[in-house]
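The block underneath contains the structure these notes are about, expressed in structure tokens.
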Amino acid sequence: MDIKLDDALEAAKQLLGCKLVHQTPEGITSGTIVETEAYTSEDPASHTFRGQTKRNKVMFGPAGYAYIYFTYGMHYCFNIVTGPIGSGQGVLIRALEPVDGIELMKARRGMNDERQLTNGPAKLVQAMGITKSDYGANLLDSGKLRVEPGIKPKKVTQTTRIGIGQAVDHPWRFYTTGNPYVSKLS
DNA sequence: TGAGTGATTGACT
DNA sequence: GTCAATCACTCAT
């Protein structure tokens, strides 16, 4: 694996342009990561800020694992654990550009608009067919769910994060500049 | 043991 | 543009 996951902020930048691949009985879906957010245990907005819980224990494990959590009663979000064991860091994947299995994604999402398939944290989880059974999966191994190195985007925009109530001023959101698949362009 | 909160989305006015 | 849906976990009695 050529992706460095030592530091959440650095990893958030490195993951842009990488490919997320999921193999399921229905087929393979994959997408290029175009939007990420970094979270650390020092961040009041992070799930790890208040310490380890049953829900987020994977975040305190070794880097390169999948942290999938449930929120608002109906939505899942997908994170990649970063940093040394016990540091509680991670990178939230907010948006993908669909590559393989687009028809399957459309079927899962129940719509035909490609840009609407994966332009949000919970949307991409649904489109990729990721479930809580993928919680704790090793993404660097050649398992069903994995991250593959990709081409670094030529231009990356760094900005403030979205959809959280605290520490909103931290510029820890990254996305591929000009890519139409990011969750929020304006 | 119980109430409050949230890294969101989709449907409705 | 506004609002409801609904689960896991935290914080407070």
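Within every chain, numbering begins at 1; the chains are lettered A, B, ... in the order of the sequence lines, protein sequences first and strands thereafter. The figures that follow rest on heavy atoms only: side chains count, while hydrogens, waters and symmetry mates do not. Keep in mind that what you see is a predicted model, and the values were worked out from it rather than measured.
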## Note on the structure
Separation of C:dA8 atom P from A:Lys57 atom NZ, nearest Å, is 14 Å

### Task
Figure out the CD1/C1' separation between A:Ile80 and B:dA7, and round it to whole Å.
15 Å

### Query
Using purine N1 to pyrimidine N3 plus N6-O4 or O6-N4 for Watson-Crick, or N1-O2 and O6-N3 for G-U wobble, each under 3.5 Å, what pairs with B:dA7?
none

#### Entry: Base paired to C:dT6 (Watson-Crick or G-U; both N/O distances under 3.5 angstrom)
none

### Task
Nearest whole angstrom, please: distance from the P of B:dA7 to the CG of A:Asp169.
15 Å

### Query
Expressed in angstrom and rounded to an integer, what is the separation of A:Ile68 atom CD1 from C:dA8 atom C1'?
15 Å

### Rounded distance in Å - NZ (A:Lys54) to C1' (C:dA8)
10 Å

### Query
Does A:Gly143 offer a backbone N or O that forms a donor-acceptor pair with the side chain of A:Arg146 under 3.5 Å?
yes

### Under 4.0 Å protein heavy-atom contacts per nucleotide of nucleotides 8-13 of chain B, with B for base, S for backbone only and - for none
BSS---

#### Entry: Minimum-distance nucleotide to A:Arg55 side chain [options: C:dA8, C:dC7, B:dA7]
C:dA8

### Task
Check the distance between B:dG6's P and A:Phe70's CZ and give it to me in whole angstrom.
17 Å

### Task
Could you tell me whether A:Gln116 atom CD has more than 12 heavy atoms of other residues or ligands within 6.0 Å of it?
yes

### Query
Are OP1 or OP2 of B:dA7 and a side-chain N or O of A:Arg173 less than 4.0 angstrom apart?
no

### Task
Could you tell me whether the side chain of A:Arg94 and the main chain of A:Ile33 form a donor-acceptor pair under 3.5 Å?
no

### Message
So A:Asn56, base contact, sugar-phosphate only, or nothing? Heavy-atom distance under 4.0 Å.
### Response
nothing

### Task
Measure from the side-chain N and O atoms of A:Thr118 to the backbone N and O of A:Leu96, and report whether any donor-acceptor pair falls under 3.5 Å.
yes

### Message
I'd like to know if the side chain of A:Asp100 and the backbone of A:Ser30 have a donor-acceptor N/O pair within less than 3.5 Å.
### Response
no

### Message
Within the 4.0 Å heavy-atom criterion, would you say A:Phe78 contacts the bases, only the backbone, or no part of the nucleic acid?
### Response
nothing

### Query
Is the side chain of A:Asp141 donor-acceptor paired with the backbone N or O of A:Asn138 at a distance under 3.5 Å, no angle test?
no

### Query
So, for A:Tyr67 and A:Tyr69, is the gap between ring centers shorter than 6.0 Å?
yes

